[in-house]
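The basis for the numbers below is simple: all heavy atoms, side chains too, and nothing from hydrogens, waters or symmetry mates. In listed order, ligands and their atoms are each counted from 1.
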Amino acid sequence: MNEMSTPASDARAGHNAPGSVTLTLDGTGRSVTLPLIPGTMGPAVVDIRKLYSELGIFTFDPGYADTAATESKITYIDGDAGILLHRGYPIEQLAEKCTFLEVAYLLLNGELPNREQLAAFTTGVTRHTMIHEQLRRFYDGFRRDAHPMAVMTAVVGAMSAFYHDSLDINDPEHRRISAFRLIAKVPTIAAWAYKYSIGQPFMYPRNDLSYAENFLYMMNAVPAEPYEVNPVLARAMDRILILHADHEQNASTSTVRLAGSTGANPFACIAAGIASLWGPAHGGANEAVLKMLAEIGHPKRIPEFIAKVKAKDSNVRLMGFGHRVYKNFDPRAKIMQKTCHEVLAELGIAHEPLLDLAMELERVATQDEYFISRKLYPNVDFYSGIILKAMGMPTSMFTVLFAVARTTGWISQWKEMIEDPTQRIGRPRQLYTGAPLRDVPPLAERG
Ligand code: CMC
């Protein structure tokens, strides 16, 4: 991985060695020596588990920006260098050389599948694509104009009421089947959420199609006529799924782990992850990017919009820009931009005004001191919305699609956590700044 090293990653590599940190509590003479735990790559971590028992203090890290809540072998990100690896493989190579199901296998099992393993895994997924017929009736309970993420959260959560035979989290076979069920059924649940919203009949999955093809089929086909899946669009969809498959300990993945740490079943945990993904700072950003581009409307209005973003009291952000971890170009954004051009070419769209606008916005922002000094670059969502729109995907389904892809990462992270013998219930501490101890006054004496 030498060719990927940067000054920042080299500097950090210096700290990736066994050692310790000694902390002294001023004025008490008490100190504690905390071990450093090195990772395979990236910065080492200080093991603070003895801090409270030795010094009686906690650490304070709102947003967990400097806290590793878990050990993981699944995904590695070097945000300064713009590197994303799954099980050691660069995302660029995975997006180029693998299918989504190969990546799903890799995330779940640690290694890429050989031919036989892939065939068995594909069969395992495709044999679980249908959902319990009674779950169909859940859809009728929703308003037609419900956001599909609301439907997703509810129907995925409801899976725990149907698949009782795979709920024992301590049984490896149950965990395996639950993983298959989740990866296989979320596209069906998602496509049906869309079909319900437009009043079209649900399309049952077709197991002769690939994962991406089947999803496009269930979204776009109608029973009245045959539907041919466009192979370029299917490949683009597969790539979009790969690019969203996992991203280490982000908000939704941490939510899944936290819910799972209590022993909750995997369907409940993934439903929690979907809820967490929904917000515009996370998975909802791709939808928000399109709304922002529509609001800007024309390249000539970009300076005005950028000025609004820079005015702190406006509360307006450049959606699709910035990332908690990437302080350089998000590597997924580069692949997404390339895929965007391929899709538009395939669809015969020479000039997509939204893409032109997005590219101009990117050019202006990446040259602006405000964004440069804060290391704000385009993230994966900056271009994904444009591709999805060109593919005919309704805006409200963008985050749903993200959830379909991320289910693989969530269930892999959940499985890793359950199989970790050191796993404990997740229970953060707090810095209490409320009222000190006081007595309850009688009602008549309260102001
Ligand atoms: N537009 C304008 N200013 C920004 C933006 C942005 N998109 N993102 C961060 N900043 C500014 C922020 O105002 C702050 O400035 P200052 O230091 O003057 O107060 C500075 O940059 C640091 O921001 P932060 O909020 O502390 O950064 P964070 O790590 O907490 O937030 C983020 C990360 C992704 C929530 C944020 O960059 C953001 O809101 N981006 C827009 C939403 C978005 O595109 N989200 C998708 C993320 S990628 C897909 C995913 O993981 O779901």
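- On a distance-only criterion, Y370 and ligand 1 share at least one N/O pair closer than 3.5 Å.
- Every atom of ligand 1 with a heavy atom of G283 under 4.0 Å away is listed here by number and element: 52 (O).
- Atom OH of Y52 has 12 or fewer heavy atoms from other residues, nucleotides or ligands within 6.0 Å.
- Of the polar atoms of F402, none of the N or O atoms is found under 3.5 Å from an N or O of ligand 1, judged by distance alone.
- Residue, atom and distance of the protein heavy atom nearest to atom 42 (C) of ligand 1 are M319 CE, 3.4 Å.
- Nearest protein heavy-atom neighbour of atom 47 (C) of ligand 1: N379 ND2, 3.5 Å.
- Residue contact check: G320 has heavy atoms under 4.0 Å from atoms 43 (C), 44 (O) of ligand 1.
- Going from atom CG of L277 over to atom OG1 of T399 covers 6.5 Å, rounded to the nearest 0.5 Å.
- Residue R324 has at least one N or O atom closer than 3.5 Å to an N or O atom of ligand 1.
- Between H132 and Y163, the closest side-chain pair of non-hydrogen atoms falls below 4.5 Å.
- Short contacts between ligand 1 and A285, defined as distances under 4.0 Å to a heavy atom of the residue, involve ligand atoms 43 (C), 44 (O), 45 (N), 46 (C).
- Contacts between H323 and ligand 1, counted as non-hydrogen atom pairs separated by less than 4.0 Å, involve both the backbone and the side chain.
- Residue contacts with ligand 1 include L376, since one or more of its heavy atoms lies under 4.0 Å from the ligand.
- Heavy atoms from other residues, nucleotides or ligands lying under 6.0 Å from CD of E71 number 12 at most.
- By the 30° and 60° cut-offs, the orientation of the rings of F321 relative to F382 is perpendicular.
- Salt bridge annotation for R175-E419: present, with a cationic side-chain nitrogen under 4.0 angstrom from a carboxylate oxygen.
- Counted within 6.0 Å of NZ on K310, heavy atoms from surrounding residues, nucleotides or ligands total more than 12; the atom is thus considered enclosed.
- In this structure, atom 33 (C) of ligand 1 has a protein heavy-atom contact shorter than 4.0 Å.
- Ion pairing between K291 and E295 fails under the 4.0 Å rule for side-chain N and carboxylate O.
- When hydrogens are left out, the protein atom nearest atom 2 (C) of ligand 1 is V309 CG1, 3.5 Å; that is the closest non-hydrogen contact.
- Nearest protein heavy-atom neighbour of atom 49 (C) of ligand 1: D381 OD2, 3.2 Å.
- For atom 37 (O) of ligand 1, the nearest non-hydrogen atom from the set G322, P378, S384 belongs to G322.
- A 6.0 Å sphere centred on CZ of F58 holds more than 12 heavy atoms belonging to other residues, nucleotides or ligands.
- In the candidate list L318, D330, T399, L318 is nearest to atom 7 (N) of ligand 1, counting heavy atoms.
- In terms of N/O distances under 3.5 Å, ligand 1 is not approached by H247.
- Closest protein heavy atom to atom 16 (P) of ligand 1: K312 NZ, 3.4 Å.
- Considering each of K310, M292, R317, the one bringing a non-hydrogen atom nearest atom 8 (N) of ligand 1 is R317.
- The 12-atom threshold is not exceeded at NZ of K389, counting heavy atoms of other residues, nucleotides or ligands nearer than 6.0 Å.
- For R374, every heavy-atom contact with ligand 1 shorter than 4.0 Å involves the side chain, none the backbone.
- Atom 40 (N) of ligand 1 has F321 O, 2.9 Å as its closest protein atom, hydrogens excluded (heavy atom only).
- For A281, a nitrogen or oxygen atom sits less than 3.5 Å from a nitrogen or oxygen atom of ligand 1, counting backbone and side chain alike.
- When the options R257, H282, H247 are evaluated for a side chain to side chain donor-acceptor pair (under 3.5 Å) with S252, the one that passes is H282.
- Within a 6.0 Å radius of CZ in R144, more than 12 heavy atoms belonging to other residues, nucleotides or ligands are found.
- Residues K308 and E304 are not paired through a salt bridge, judged by the lack of any N-O separation under 4.0 Å between the basic side chain and the carboxylate.
- Exactly one residue among F138, F202, F142 makes a ring pair (Phe, Tyr, Trp, His ring centres under 6.0 Å) with W192. That residue is F202.
- Of all the heavy atoms of F382, none lies under 4.0 Å from any atom of ligand 1, so neither backbone nor side chain is involved.
- Taking atom 51 (O) of ligand 1 as the reference point, the nearest protein heavy-atom neighbour is H282 ND1, 3.5 Å.
- Protein non-hydrogen atoms do not reach within 4.0 Å of atom 26 (O) of ligand 1.
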